[in-house]
Undergrad: 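Dumping the structure here so I can ask a few things about it.
Numbering of residues begins at 1 and proceeds along the displayed sequence.
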Amino acid sequence: MAGFRSGRGGRNDRAPQARTQRPPYGRQAPQAPSYGYPPAQQRPPYGGGGAQWPQADGGGGGQGEPEYFGGGYPQGGPDPYAANNPGHTQAFAVGEDPYSQSGTYRAGSAPAGPIGPRLHWTDLLRGIVLAPKQTFLQMRDYTMWGPALIVTFLYGLLAVFGFDGAREDAINATLSNAIPIVLITAVAIVISSFILGVVTHTLARQLGGDGAWQPTVGLSMLIASITDAPRLLVAMFLGGDAGFVQLVGWATWVACGALLTLMVSRSHDLPWPKALGASAIQLIALLSIVKLGTF
C-alpha cells in the first residue's frame with residue numbers, strides 16, 4: 001500500500017504540469033491572433049507611459065495605437081468592407097474631418113445655397129451694367145420674373161419705333177389702330193426673348209451646366225433689353241437703317257454677347273468657351289432680328 005500511495009502521489013505531482021487550465025463552464029477562452037503585436041498580458045495600458053507599441057512587419061502599426069477589445073480582427077485578417085459599419089474603426093488622414101460633408105467648391109457642382117440676399121430691382125438693373133460679375137453670381141439662385149417681364153415689355157413698346165416699316169405704320173395709323181400694333185409688337189418681343197432665354201439655358205445644361213432655368217431666362221431677357229436700349233434710342237430719331245444706328249447696333253451686340261457669356265458662365269459654372277457656345281443661338285437671333293433692324 002505504501003508503494004501504491006507513492007506511485008499515486010507521483011502522478012499527482014505531475015498532474016499540474018500536464019493538465020491545462022480550463023475556463024469555467026459555458027465560457028470559451030479568447031484566441032485572438034496577434035498580427036505581430038505582443039499578447040495582451042505584455043501590452044502597456046492604453047494612455048499610460050512605459051514601453052511603446054512595436055510596429056508590425058510591413059510598417060502597418062504606429063506608436064501609441066489603442067488596444068482592440070473583443071478579440072482583434074476576425075479570422076483571415078481585417079475586413080475592408082466592415083470599416084463603415086457600427087462597431088468597426090476607419091482610418092483617416094491627419095487633419096481630415098471624417099464628419100464634414102462640405103468640401104471646396106469645384107467646377108460642375110452647384111454651391112450649397114445663395115451667396116447673398118436677393119437684390120432689389122433697381123440694384124439688379126444697375127448691377128447688370130456696373131457690376132455684372134457679382135450680380136450674376138448673387139442672382140443665380142433667385143427668380144426675377146417681375147423685372148424681366150416689365151423691362152422687356154417696356155422695351156417692346158418702344159421697339160416698334162426703332163424699325164422703319166413698323167414705325168411708319170404706327171405713325172400713319174389712327175390711334176385705335178396704332179395701339180394694337182404697339183401692343184402686339186411688345187408681346188412678340190417678350191415671347192421671343194423668353195424663348196431665346198430657354199434655348200440658352202437648354203444649351204448650357206447640354207454642355208454641362210448646373211444652373212436653374214428661371215434665373216437664366218430672366219437674366220437673359222434683361223441683358224437683351226438693356227444692351228439694345230442705346231441703339232433703340234438712336235433709331236427712334238434716325239431710323240433703323242441709318243449707318244450710325246447700325247454701328248451702335250454692332251457695338252451693343254458685342255456688349256450683349258459679353259454679358260450673356262459672363263451670365264451663363266456664372267449661373268451654370270461653365271468656362272467661357274462653353275458659355276459663349278450656349279449663348280450663340282440667342283446672339284445670332286438678336287443680331288438678325290433686332291440689332292440690324294430686320295424684324
Undergrad: With side chain to side chain contact (heavy atoms under 4.5 Å, CB included) as the test, would you mind laying out the steps for Val248 and Thr252 before giving the verdict?
TA: CA-CA 6 Å; Val248 175; Thr252 55; 4.1 Å; yes
Undergrad: Is the side chain of Trp253 donor-acceptor paired with the backbone N or O of Leu283 at a distance under 3.5 Å, no angle test?
TA: yes
Undergrad: Same cluster for Phe194 and Val187 if Ile/Leu/Val/Met/Phe/Trp/Tyr side chains link at under 4.5 Å?
TA: yes
Undergrad: Could you give the distance from CG (Asp210) to CG (Leu270), rounded to the nearest 0.5 Å?
TA: 7.5 Å
Undergrad: Test your reading of the model: is there a side-chain donor-acceptor pair from Thr152 to the backbone of Leu149, 3.5 Å cut-off?
TA: no
Undergrad: Between Trp272 and Leu262, is there shared hydrophobic-cluster membership here, with clusters defined by ILVMFWY side-chain heavy atoms closer than 4.5 Å?
TA: yes
Undergrad: What is the distance from atom CG of Leu119 to atom CD of Gln138, rounded to the nearest 0.5 Å?
TA: 4.0 Å
Undergrad: Testing the basics here: between Ala159 and Leu232, what is the closest heavy-atom pair and its distance to 0.1 Å?
TA: CA-CD1, 3.6 Å
Undergrad: Please list, chain by chain and in numerical order, all residues satisfying side-chain contact (heavy atoms from CB on, under 4.5 Å) with Leu125, sequence neighbours excluded.
TA: Trp121, Val151, Leu222, Ile226
Undergrad: To the nearest 0.5 Å, how far apart are CH2 in Trp145 and CD1 in Ile150?
TA: 13.5 Å
Undergrad: Please report the interatomic distance NZ(Lys133) to OG(Ser265), rounded to the nearest 0.5 Å.
TA: 9.0 Å
Undergrad: Let me know which of Thr261, Leu286, Asp228 forms a side-chain contact (heavy atoms from CB on, under 4.5 Å) with Cys256.
TA: Leu286
Undergrad: Before giving the answer on side chain to side chain contact (heavy atoms under 4.5 Å, CB included), spell out for Thr143 and Arg118 the whole-Å C-alpha distance, their side-chain angles and the decisive distance to 0.1 Å.
TA: CA-CA 9 Å; Thr143 59; Arg118 181 195 299 269; 4.0 Å; yes
Undergrad: Nearest heavy-atom pair of Gly277 and Leu207: which atoms, and what distance?
TA: C-CD1, 4.4 Å
Undergrad: If two hydrophobic side chains count as joined below 4.5 Å and joins carry through other members, does Val217 share a cluster with Ile195?
TA: yes
Undergrad: Which atoms form the tightest heavy-atom contact between Ala235 and Val245, and what is the distance?
TA: CB-CG1, 3.8 Å
Undergrad: Following the transitive rule for hydrophobic clusters with a side-chain heavy-atom cut-off under 4.5 Å over Ile, Leu, Val, Met, Phe, Trp and Tyr, establish whether Met263 and Ile284 coincide in one cluster.
TA: no
Undergrad: Looking only at non-hydrogen atoms, find the nearest pair between Ser176 and Pro180 and report the distance.
TA: O-CD, 2.9 Å
Undergrad: Applying a strict under-4.5 Å side-chain criterion to I, L, V, M, F, W and Y, I'd like to know whether Ile179 and Leu158 cluster together.
TA: yes
Undergrad: Looking at Arg231 and Ala251, would you say the former's side chain and the latter's main chain have a donor-acceptor pair under 3.5 Å?
TA: no
Undergrad: What distance do Leu124 atom CG and Tyr142 atom OH have between them, rounded to the nearest 0.5 Å?
TA: 12.5 Å
Undergrad: Are more than 12 heavy atoms, taken from residues, nucleotides or ligands other than Leu238, located less than 6.0 Å from that residue's CG atom?
TA: yes
Undergrad: Quick check for you: to the nearest 0.5 Å, what is the distance between Ile128 atom CD1 and Met139 atom CE?
TA: 8.5 Å
Undergrad: Looking only at heavy atoms, what is the nearest atom pair of Ala278 and Val264, with distance?
TA: CB-CG1, 4.2 Å
Undergrad: Test of understanding: with salt bridge (Lys or Arg N to Asp or Glu O under 4.0 Å), list the residues that count as partners of Arg126, not counting sequence neighbours.
TA: Asp123
Undergrad: Run the side chain to side chain contact (heavy atoms under 4.5 Å, CB included) check on Val129 and Leu259 step by step: do they pass?
TA: CA-CA 9 Å; Val129 179; Leu259 290 178; over 6 Å; no
Undergrad: Cut-off 3.5 Å, no hydrogens considered: what does the side-chain donor-acceptor table look like for residues 197-205, sequence neighbours left out?
TA:
unit_1, atom_1, unit_2, atom_2, d
Thr200, OG1, Leu196, O, 3.0
Thr200, OG1, Gln282, OE1, 2.6
His201, ND1, His268, NE2, 3.4
Thr202, OG1, Val198, O, 2.8
Arg205, NE, Gly209, O, 3.0
Arg205, NH1, Gly211, O, 3.0

Undergrad: Tell me the closest heavy-atom pair linking Pro230 and Thr227, and the distance in Å.
TA: CD-O, 3.4 Å
